[in-house]
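This report refers to the structure that appears directly beneath it.
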Amino acid sequence: MQENTSAALPASGTPQRQRFESLARTLEEQRARLRGWQAVLPEYQKKYEDVLAPLETVEVELKAKLVACFDHACKQKELTKAERALASEIAAQLAQETLDAIVLDGTPAECDTDRLKALYLKHAGSDYDASAEDVQDEGGVEVEAPPAQAAAGRAAPAPETLAEIDALAAAGPDGLAGVDEERYAQYNQALDAQLAVLAGDIAAAEDGFKAKYHFDPAQSIDPADLMEDLDAEIADAEEYIGELEFELSQFVDMQQVKAWLKAMKQQLAATRRREGRG
């Protein structure tokens, strides 16, 4: 008696049907991811502009004040040579961070940028504009992402074909059983094409977000986590502003500055020891 070859196939059906089922699941997952990006972008932008952006401006302006304070401290005889050297090192670092935020990131702030550049030159010993140009040159030129369909290298399937696929995927096992291998192969080609278009759309949304908000281009981002991450970033910014305000308050008395610099020196030494062990 001849063996029934169809009975030997997996329960889910023929190879083309199995591939169809896998591609259909992936299609729904990618559609959900794109919907996630489309839903979160306006919400993120509003909260960023209303809450985080003003905090970033406050940070920059406080740092600019601290640069001037540390520069002033470098001239005070109450400080030892080592303390003045540390104050100068901190002034250079803060000046660079402040200028990077203003010049590279575009953070709006009421600061005297020319004075900050002069103080950076004084304490870091290098020209900020030249250094910034080198960084930008090393980073390369950003190229605008091509349209999703062009990036995918193929045209999107006809809407009617996608509608047939969606209906078939929703029909369940009984509906799937009535389709032959050739038709599944055609549907699979359409699914491949649509997944390529979706991948382009998702990449365009994600890459545009990273460029706008200064995320690492190589970082993988889940749109479902963005609002929670933004809330954490807001909390961090508020805490950091408190620390900057405290540091500014120390400059009313050079003895407090000496104590603060001593604590900072110990902290830096401990950090360098840990890095040396690593």
Side-chain angles (χ1 to χ4, degrees), residues 1-45 47-48 140 142-233:
M1 180 177 179
Q2 186 177 2
E3 184 180 354
N4 186 341
T5 56
S6 61
L9 291 170
S12 58
T14 62
Q16 289 291 349
R17 174 179 163 180
Q18 286 182 310
R19 187 161 188 271
F20 173 86
E21 291 174 331
S22 175
L23 290 173
R25 285 192 298 270
T26 303
L27 178 66
E28 190 50 45
E29 291 167 359
Q30 294 298 85
R31 282 171 169 171
R33 185 172 179 83
L34 181 59
R35 288 194 299 269
W37 274 109
Q38 292 168 336
V40 79
L41 286 178
E43 183 182 3
Y44 187 99
Q45 179 175 342
K47 192 161 191 177
Y48 177 90
E142 290 186 4
V143 179
E144 186 176 351
Q149 187 164 311
R154 66 184 79 185
E160 302 80 26
T161 302
L162 288 176
E164 290 178 18
I165 290 171
D166 288 338
L168 183 59
D174 292 340
L176 293 171
V179 180
D180 60 34
E181 279 284 273
E182 183 178 354
R183 191 60 174 159
Y184 273 128
Q186 294 171 354
Y187 283 151
N188 290 342
Q189 288 181 344
L191 282 167
D192 282 333
Q194 184 60 18
L195 284 170
V197 171
L198 273 175
D201 289 342
I202 292 168
E206 186 168 344
D207 292 346
F209 173 85
K210 291 175 183 176
K212 182 173 183 178
Y213 297 105
H214 309 290
F215 280 73
D216 181 350
Q219 180 179 349
S220 177
I221 296 177
D222 186 343
D225 296 334
L226 281 179
M227 294 311 297
E228 183 178 346
D229 291 345
L230 180 59
D231 287 338
E233 198 170 351

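The two residues Leu176 and Tyr184 make their nearest non-hydrogen contact at O-OH, 2.5 Å. Minimum interatomic distance between Leu230 and Lys47 (heavy atoms only, all atoms of both residues): CD2-CB, 3.7 Å. A pairwise comparison of heavy atoms in Glu181 and Pro15 identifies OE1-CD, 4.1 Å as the closest pair. The two residues Ala190 and Thr161 come nearest to each other via the heavy atoms CB-CG2, 3.8 Å. Nearest heavy atoms, Ala169 versus Ala24: CB-CB, 4.2 Å. Residues Ala218 and Lys210 come closest through the heavy atom pair C-NZ, 4.4 Å.
Using a 3.5 Å distance cut-off with no hydrogens or angles, the side chains of Arg35 and Gln38 do not pair a donor with an acceptor.
Atoms CG and CD, from Leu162 and Gln194 in turn, are 4.5 Å apart once rounded to the nearest 0.5 Å. With values rounded to the nearest 0.5 angstrom, Asp201 atom CG is found 13.0 Å from Glu206 atom CD. Expressed to the nearest 0.5 Å, how far CG of Asp192 lies from CZ of Arg19 amounts to 4.0 Å.
Ion pairing between a basic and an acidic side chain is recognised when a charged N comes within 4.0 Å of a carboxylate O; Arg33 and Glu29 show no such pairing. Salt-bridge check for Glu164 with Arg183: passed, with a basic side-chain N closer than 4.0 Å to an acidic carboxylate O.
Glu228 CD: 12 or fewer foreign heavy atoms inside a 6.0 Å radius.
Ring-plane geometry between Tyr44 and Phe209 is classed as perpendicular, the angle between the planes exceeding 60 degrees on a 0 to 90 degree scale with a lower cut at 30.
When side chains are defined from C-beta on, Tyr187 does not count as touching Leu23, because their heavy atoms never get closer than 4.5 Å. Taking 4.5 Å as the limit, some side-chain heavy atom of Pro173 sits within range of a side-chain heavy atom of Arg17. Between Leu226 and Trp37 the shortest side-chain heavy-atom distance falls below 4.5 Å. You'll find the side chain of Gln189 stays beyond 4.5 Å of the side chain of Leu191, heavy atoms only.
Using modelled atom types, one side-chain atom of Asn188 and one backbone atom of Gln16 make a donor-acceptor pair closer than 3.5 Å.
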What's the verdict on side chain to side chain contact (heavy atoms under 4.5 Å, CB included) for Ile221 and Gln219, showing C-alpha distance, side-chain angles and the deciding distance? CA-CA 6 Å; Ile221 296 177; Gln219 180 179 349; 4.2 Å; yes
Does the side chain to side chain contact (heavy atoms under 4.5 Å, CB included) test come out yes or no for Lys212 and Gln45, once each step is laid out? CA-CA 10 Å; Lys212 182 173 183 178; Gln45 179 175 342; 3.3 Å; yes
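Just one of Leu198, Thr26, Ile202 meets the side-chain contact (heavy atoms from CB on, under 4.5 Å) condition when paired with Arg31; it is Leu198.
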